[in-house]
A.B. asks: 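This is the structure I want to talk about, given as structure tokens.
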Amino acid sequence: TERMQFLAGQYVEFLLRDGKRRSYSIATPPHEEGPIELHIRHMPGGAFTDYVFGAKEGMPAMKERDILRFEGPLGSFFLREDSDKPIVLLASGTGFAPIKAIVEHAAYTGITRPMTLYWGGRRPQDLYMHALCEKWARELPNFKYVPVVS
């Protein structure tokens, strides 16, 4: 029930029952109220994602209101607001999550430094929020979006 304080770009680690950990970047900018947003891709056979997506027969699936243990915020990848240097952002797949938080927080705080985002994937659908990035390119001053599909 307590609001978590974090910086745009940081992540949380889920503590699994077997002692393993799974890290996920926070996609929500820190100024937004409400629940945090995580971008999780299902990895078949994954200890955590099979549970999240309810993909394995005979195994319990995540339900609303399930209690999960996590630690965070963690990490030193975050927006340095006091710099005047251009920002170059690189992401592939769900590595876009912390980038989303950084761009949205920069826009909210009025940062106008040049920002270029290179987001890559093997298939066009890997750039799952492509339309949002195109919107940023149209609406944010000094923001450039370079999608890379190979």
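Remember, it's a predicted structure, so these values are computed and weren't measured experimentally.
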A.B. asks: Do you know which two heavy atoms are closest between Thr94 and Tyr128, and how far apart they sit?
C.D. replies: CA-OH, 3.5 Å
A.B. asks: Can you tell me how far apart CD (Glu71) and CZ (Arg69) are? Round to the nearest 0.5 Å.
C.D. replies: 8.0 Å
A.B. asks: Mind listing the closest non-hydrogen atom pair of Gln10 and Gly75 along with its distance?
C.D. replies: NE2-O, 3.0 Å
A.B. asks: Would you compute the distance between atom OG1 of Thr116 and atom NZ of Lys144 and round it to the nearest 0.5 angstrom?
C.D. replies: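 So the OG1 of Thr116 and the NZ of Lys144 are separated by 6.0 Å.
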A.B. asks: Val12, Phe77: one ILVMFWY side-chain cluster at the under-4.5 Å cut-off?
C.D. replies: no
A.B. asks: Any side-chain heavy atom of Leu140 within less than 4.5 Å of one from Thr112?
C.D. replies: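 Result no, sub-4.5 Å side-chain heavy-atom pair not found.
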A.B. asks: Could I get the full list of side-chain hydrogen bond (donor to acceptor under 3.5 Å, both in side chains) partners for Tyr108, not counting sequence neighbours?
C.D. replies: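 So Tyr108 forms no side-chain hydrogen bond (donor to acceptor under 3.5 Å, both in side chains) with any residue.
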A.B. asks: Taking all non-hydrogen atoms of both residues, which atom of Ala106 and which atom of Met115 are closest, and how far apart?
C.D. replies: CB-CE, 3.8 Å
A.B. asks: Determine whether Leu68 and Phe53 fall in the same hydrophobic cluster, where Ile, Leu, Val, Met, Phe, Trp and Tyr are linked whenever their side-chain heavy atoms lie under 4.5 Å apart.
C.D. replies: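 Yes, same cluster.
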A.B. asks: Within the side chain of Glu13, is there an N or O that forms a donor-acceptor pair under 3.5 Å with the backbone of Phe70?
C.D. replies: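 Between the backbone of Phe70 and the side chain of Glu13 there is no qualifying donor-acceptor contact (under 3.5 Å).
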A.B. asks: Would Glu81 and His105 count as having a side-chain donor-acceptor pair, cut-off 3.5 Å?
C.D. replies: yes
A.B. asks: Counting only N and O atoms by type, is there a donor-acceptor contact under 3.5 Å from the side chain of Thr49 to the main-chain atoms of Met43?
C.D. replies: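 Yes; at least one donor-acceptor contact below 3.5 Å.
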A.B. asks: Can you see which heavy atom on Thr28 is nearest to which on Phe6, and at what distance?
C.D. replies: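 Looking at all heavy atoms of both residues, the closest pair is O-CE1, 3.2 Å.
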A.B. asks: Can you check side chain to side chain contact (heavy atoms under 4.5 Å, CB included) on Leu89 and Val103, steps first, answer last?
C.D. replies: CA-CA 9 Å; Leu89 304 161; Val103 172; 3.6 Å; yes
A.B. asks: Is it true that Glu134 and Arg138 make a salt bridge, defined as a side-chain N closer than 4.0 Å to a carboxylate O?
C.D. replies: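 Here Glu134 does not pair with Arg138 in a salt bridge, since their nearest N and O are not under 4.0 Å apart.
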A.B. asks: Rounded to the nearest 0.5 Å, how far does CD1 of Ile36 lie from CD of Glu32?
C.D. replies: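 Output value for this atom pair is 12.0 Å.
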A.B. asks: Tell me the closest heavy-atom pair linking Ser25 and Leu38, and the distance in Å.
C.D. replies: O-CD2, 3.4 Å
A.B. asks: Membership question, hydrophobic clusters at under 4.5 Å side-chain separation (ILVMFWY): are Tyr11 and Leu90 in the same one?
C.D. replies: no
A.B. asks: Can you name the nearest heavy-atom pair linking Gly54 to Ala61, along with the distance?
C.D. replies: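 Scanning both residues, the minimum pair turns out to be CA-CB, 3.4 Å.
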A.B. asks: Is it the case that the side chain of Asn142 and the backbone of Arg113 share a donor-acceptor pair, with hydrogens and angles ignored and the cut-off at 3.5 Å?
C.D. replies: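 Between the backbone of Arg113 and the side chain of Asn142 there is no qualifying donor-acceptor contact (under 3.5 Å).
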A.B. asks: So for atom CZ, which belongs to Arg80, do other residues, nucleotides or ligands contribute more than 12 heavy atoms lying within a distance under 6.0 Å?
C.D. replies: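 Buried by this count: over 12 neighbours within 6.0 Å.
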A.B. asks: Using the ring of each side chain (for Trp, its six-membered ring), is Phe96 parallel, tilted or perpendicular to Trp119, with breaks at 30° and 60°?
C.D. replies: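 Judged by the thresholds at 30° and 60°, the geometry between Phe96 and Trp119 is parallel.
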A.B. asks: Answer yes if Leu7 and Ile99 sit in the same cluster of Ile, Leu, Val, Met, Phe, Trp and Tyr residues linked by side chain heavy atoms under 4.5 Å apart, and no otherwise.
C.D. replies: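 Looking at the clustering, Ile99 is in a separate group from Leu7.
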A.B. asks: Taking the six-membered ring for Trp, are Tyr145 and His130 parallel (under 30°), tilted (30 to 60°) or perpendicular (over 60°)?
C.D. replies: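 Ring orientation, 0 to 90° scale: tilted.
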A.B. asks: Ignoring hydrogens and angles, tell me if any N or O in the side chain of Asp126 forms a donor-acceptor pair with the backbone of Arg122 under 3.5 Å.
C.D. replies: yes
A.B. asks: Rounded to the nearest 0.5 Å, what separation is found between the CG atom of Leu132 and the CG atom of Leu127?
C.D. replies: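 Result: 12.0 Å between the selected atoms.
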A.B. asks: If only atom types and distance count, is the side chain of Glu139 paired as donor or acceptor with the main-chain N or O of Trp136 below 3.5 Å?
C.D. replies: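 It does not hold such a pair.
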A.B. asks: How long is the gap from CD1 on Ile87 to CD1 on Ile102, to the nearest 0.5 Å?
C.D. replies: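 So the CD1 of Ile87 and the CD1 of Ile102 are separated by 8.0 Å.
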A.B. asks: Between Arg22 and Tyr24, is NZ or CZ placed under 6.0 angstrom from the six-membered ring centre and within 45° of the ring axis?
C.D. replies: no
A.B. asks: Which distance, rounded to the nearest 0.5 Å, do you find between the CZ of Phe48 and the CG of Leu15?
C.D. replies: 10.0 Å
